[in-house]
Amino acid sequence: MFPLTRAIRVVNPRESKKDKPMNLFSQIRELVIDNLHAMLSEGSLPRGLSFDNVAVEPPRDAAHGDMATNAAMVLAKPAQMKPRDIAELLVQNLAMDPRIESAEVAGPGFINLRLSETLWRDLVKNVLETGADFGRSGMGQGKKVNVEYVSANPTGPLHVGHTRGAVFGDALASLLDFAGYDVTREYYINDGGAQVDVLARSVYLRYLEAHGQDVAFEDGTYPGDYLVPVGKALKDKVGDAYVGQDESVWLVEIREFATAAMMDLIRDDLKALNVTMDKFFSEKSLYGTGLIEDALASLEAKGLIYEGVLEPPKGKTPEDWEPREQTLFKSTEHGDDVDRPVKKSDGAWTYFAPDIAYHYDKVQRGYDELIDIFGADHGGYVKRMKAAVSALSDGQTPLDIKLTQLVKLWKNGEPFKMSKRAGNFVTLRDVVEQVGADVTRFVMLTRKNDAPLDFDFDKVLEQSKDNPVFYVQYAHARVCSALKKAGETGAAVTDADLAGADLSLLSDPAEITVAKKVAEWPRLVEIAGRTNEPHRVAFYLYELASELHSLYHMGKDKPELRFVQEGNAQATQAKIALARAVAIVISAGLGILGVTPAQEMR
RNA sequence: GCACCCAUAGCUCAGCUGGAUAGAGCGCUGCCCUCCGAAGGCAGAGGUCAAAGGUUCGAAUCCUUUUGGGUGCGCCA
């Protein structure tokens with residue numbers, strides 16, 4: 001009954017046979033593809049055509065209808081036909097489908113589709129029935145993805161830069177989960193390098209201080225107040241055992257103690273931002289266990305390790321440059337610009353070696369995709385990490401690295417830089433305690449990750465339209481308020497009641513417009529998930545909120561558009577059903593961003 | 001010197017694996033509060049998508065070059 005070629009269709013596992021796909025765009029795309037296959041089998045299209053580039057998208061101009069497809073134009077060349085000829089044929093077939101109100105050829109060969117209003121009403125019903133899961137996609141096909149983010153050195157509290165990385169990574173992880181991936185959130189603890197020795201020495205100073213000694217924090221130590229309690233805690237634990245002792249006596253133990261204390265601090269910071277990790281991976285655990293050696297051996301087996309001397313960078317030779325032989329990873333074989341050292345001249349590992357081992361471990365754990373989130377200042381490591389993963393996985397495991405740009409803080413119209421807590425940088429706590437986790441998270445996602453972000457303490461708390469946090473929250477609260485009011489008039493307003501409402505009472509173009517915006521949600525989830533760009537969710541929510549507010553305000557001039565229709569429970573139900581559908585999507589979207597939807601504004 | 005990121009309205013920024021007349025907020029101009037929440041609403045003006053070539057039916061989007069910003073560049077992680 002189906003043409004054989006149907007088998008090549010990508011089947012969405014979450015969309016079972018009996019349920020309609022929730023994504024109207026992919027639903028209509030399938031209709032278009034099915035019709036193209038039909039044209040193929042009846043000979044009006046030549047064999048061997050690929051339909052991969054056929055897209056069904058919302059047109060930029062609403063006057064062009066609800067959806068548009070480029071099918072005729074992308075097929076014209078391979079089919080050696082005129083676009084309009086293909087379009088004319090396709091239009092005739094499409095128009096037979098009950099879901100299509102009208103189909104017409106426009107411009108150079110676009111096909112503009114107008115959908116039956118029933119579809120939009122069904123969609124609203126579908127949202128109410130599906131609830132928070134509306135828009136959840138099967139795109140990821142359950143693939144295992146590892147998202148590594150924050151990964152700050154365990155030497156102090158998280159600062160603003162980490163905050164952006166934390167929010168971005170966490171939202172991306174949630175987004176991918178919603179898009180059908182099996183996501184692991186992971187934090188790499190850099191507890192193996194010289195910086196934790198510095199930490200230990202700094203804590204030792206605070207420890208001496210706790211014993212009443214005067215100490216001086218020289219360059220190369222961490223002077224922040226946050227180590228004061230750690231010094232005291234150490235005193236409580238070991239008494240005066242380390243006082244006057246040589247570093248060789250206490251370094252290892254204090255390092256352990258201090259690192260653990262810093263990780264507690266960092267975990268608390270993350271918790272304050274509602275970020276939870278599935279796994280913390282310790283760099284130190286790679287040493288002395290053969291894991292680094294294994295990873296390097298894997299590269300060596302591929303002929304990618306050699307002893308050699310690097311050329312100095314051209315145009316900017318460091319003053320103390322001298323050629324030396326090192327153990328190098330032939331990263332140039334996998335797209336890097338120069339080969340990278342994995343061992344220092346004294347034979348110790350460079351920082352890159354454990355990084356390779358760590359990613360080797362991730363590959364070995366069987367992830368289908370890896371994502372690393374770095375601060376923009378680590379942009380220089382992107383190529384070598386990609387080269388490493390490419391080599392370690394034989395090109396089988398894609399690694400996407402997202403960089404988060406700087407956050408510039410403003411307060412009272414001027415740059416805000418100092419922190420009482422940490423001395424020379426503003427901490428995550430400083431931000432969250434002033435504006436709250438919800439606001440922090442939303443604002444951090446109102447820019448593309450690779451664009452610098454201005455964070456103005458005054459503006460983000462402002463209750464006005466130019467503050468997207470407020471605007472989106474207000475839309476949700478407004479629906480809650482309307483729902484409550486509708487309930488008071490006697491209308492039944494549980495989601496189940498609303499799903500059963502007579503939605504044919506939603507007939508005004510303004511109402512259909514809002515339903516159409518809701519219909520874009522599943523598509524947006526897939527686009528944002530495909531590009532690893534959670535900020536798209538934030539922008540969409542703003543647009544959706546705007547539609548809701550707009551409809552609400554139309555009720556001023558057109559009473560029949562008001563959400564609550566006094567004395568008409570049926571009409572009220574229909575209006576509230578639409579509003580509630582918007583709220584459900586806002587709530588789900590905010591959930592991905594890690595923001596709590598507001599029930600009321602105050 | 002090389003690599004990566006960026007350049008879109010006066011300002012801050014979106015812009016879908018290349019789609020039709022490039023969008024939003026702020027600011028500006030003009031209307032609108034006896035009206036479900038005016039902590040605003042509606043409408044309008046405002047653009048050579050840094051520049052020049054190229055690819056193609058079609059480019060803000062892809063390629064090349066140039067200009068102008070940011071970041072990074074072997075024993076720091």
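The model shown is predicted, which means the values in this text are computed figures rather than measured ones. Sequence lines set the chain letters: A, B, ... in the order given, protein chains first and strands last, and positions in each chain run from 1.
Geometrically, A:K344 does not engage A:W349 in a cation-pi contact, judged by NZ or CZ lying under 6.0 Å from the ring centre and within 45° of the ring axis. Both tests hold for A:K330 against A:Y306: distance to the six-membered ring centre under 6.0 Å, angle to the ring axis within 45°. In this structure, A:R340 is not positioned above the aromatic face of A:F352 in the sense of NZ or CZ being under 6.0 Å from the six-membered ring centre and within 45° of the axis.
Distances shorter than 4.0 Å separate some side-chain N or O of A:R536 from OP1 or OP2 on B:G15. Not one side-chain nitrogen or oxygen of A:K558 sits closer than 4.0 Å to the OP1 or OP2 atom of B:C35. Side-chain N/O atoms of A:K344 include one lying less than 4.0 angstrom from OP1 or OP2 on B:C76. Distances shown here put a side-chain N or O of A:H535 below 4.0 Å from the OP1 or OP2 atom of B:G15.
The residue A:V564 sits close to a base: some heavy atom pair falls under 4.0 Å. Nucleic acid contact for A:K343: none, since no nucleic acid atom lies under 4.0 Å from a heavy atom of the residue. Residue A:V74 is classed as a base contact, given a heavy-atom separation below 4.0 Å to a base. As judged by a 4.0 angstrom heavy-atom cut-off over every strand, A:D377 is placed among residues touching the sugar-phosphate backbone only. Nucleic acid contact class of A:E488 (heavy atoms, under 4.0 Å, all strands): none. Within the 4.0 angstrom heavy-atom criterion, only backbone atoms of the sugar-phosphate kind lie near A:E283; the bases stay farther away. Among the atoms of the strands shown, none is found under 4.0 Å from any heavy atom of A:R340. Among the heavy atoms of the strands, none lies under 4.0 Å from A:A528. Note on A:S550: only backbone sugar-phosphate atoms sit closer than 4.0 angstrom, heavy atoms only; bases stay farther off. Nucleic acid contact for A:P341: sugar-phosphate only, since backbone atoms but no base atoms lie under 4.0 Å from a heavy atom of the residue. Contact annotation for A:K485: backbone-only contact, meaning every heavy-atom pair under 4.0 Å involves sugar-phosphate atoms and none involves a base. Nucleic acid contact for A:S481: base, since at least one base atom lies under 4.0 Å from a heavy atom of the residue. Among the protein residues, A:A68 comes within range of the nucleic acid bases, having at least one heavy atom under 4.0 Å from a base atom. A:A482 comes within 4.0 angstrom of no nucleic acid atom, judged by non-hydrogen atoms across all strands.
For A:R523 against B:C16, a side-chain N or O and a base N or O form a donor-acceptor pair under 3.5 Å. Below the 3.5 angstrom threshold, one finds a donor paired with an acceptor across the side chain of A:N112 and the base of B:A20. Taking 3.5 Å as the limit, the base of B:C76 and the side chain of A:Y381 contain a donor-acceptor pair of atoms between them.
As a whole-Å value, the separation of A:E547 CD from B:G41 P is 13 Å. Rounded to whole angstrom, the span from the CZ atom of A:F281 across to the P atom of B:A77 amounts to 18 Å. In this structure, CG of A:N449 is placed 12 Å from P of B:C5, rounded to the nearest angstrom. Rounded to an integer number of Å, the gap from A:K517 NZ to B:G23 C1' is 11 Å. Remark: P of B:C42 and CG of A:L551 are 11 Å apart, rounded to the nearest angstrom. Atom CG of A:D557 is separated from atom P of B:A38 by 12 Å (rounded to the nearest Å). Distance NZ (A:K459) to C1' (B:U12): 8 Å, rounded to an integer number of Å.
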- What do the steps show when you test A:E256 against A:K284 for salt bridge (Lys or Arg N to Asp or Glu O under 4.0 Å), and what is the final call? CA-CA 11 Å; A:E256 293 281 326; A:K284 210 175 46 177; 2.8 Å; yes
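Side chain of A:R447, nearest nucleotide from B:A20, B:C13, B:G40: B:C13. When distances run from any side-chain atom of A:Q405 to the nucleotides B:A14, B:U17, B:G70, the shortest one goes to B:G70. Here the nucleotide nearest the side chain of A:K448, chosen from B:A14, B:U56, B:A77, is B:A14. When each of B:C13, B:U17, B:C4 is scored by its nearest atom to the side-chain atoms of A:F539, the top-ranked nucleotide is B:C13. If you check B:G41, B:C75, B:C16 against the side chain of A:H553, the one that comes closest is B:G41.
A:Y542 does not qualify as a stacking partner of the B:A24 base, lacking a centre-to-centre distance under 5.5 Å together with planes within 30°. Between the side-chain ring of A:H64 and the base of B:A20, a stacking contact exists by the 5.5 Å and 30° definition.
By the 4.5 Å heavy-atom criterion applied to side chains, A:Y287 and A:I292 are counted as neighbours.
The distance from atom CG of A:N449 to atom CD1 of A:I373, rounded to the nearest 0.5 Å, is 8.5 Å.
Pairing of B:G1, defined by two Watson-Crick or G-U wobble distances under 3.5 Å, is identified with B:C73. The partner of B:C31, taking Watson-Crick or G-U wobble pairs whose two distances both stay under 3.5 Å, is B:G41. Using Watson-Crick or G-U wobble geometry with both donor-acceptor distances under 3.5 Å, B:G25 finds its partner in B:C11. Look at B:C57: its Watson-Crick or wobble partner, with both distances under 3.5 angstrom, is B:G19.
Because its glycosidic torsion is within 90° of 0, B:C33 is reported here as syn.
Other residues, nucleotides and ligands place no more than 12 heavy atoms under 6.0 Å from the CD atom of A:Q570.
Nucleotides B:A14 and B:G53 are separated by 28 Å at their C1' atoms, to the nearest Å. Here the separation of B:G15 from B:G23, taken at their C1' atoms, is 7 Å to the nearest Å.
The six-membered or imidazole ring of A:Y381 lies away from that of A:F374, with a centre-to-centre distance of 6.0 Å or more.
Using cut-offs of 30° and 60° for the angle between ring planes, the A:Y542 and A:Y471 rings count as tilted.
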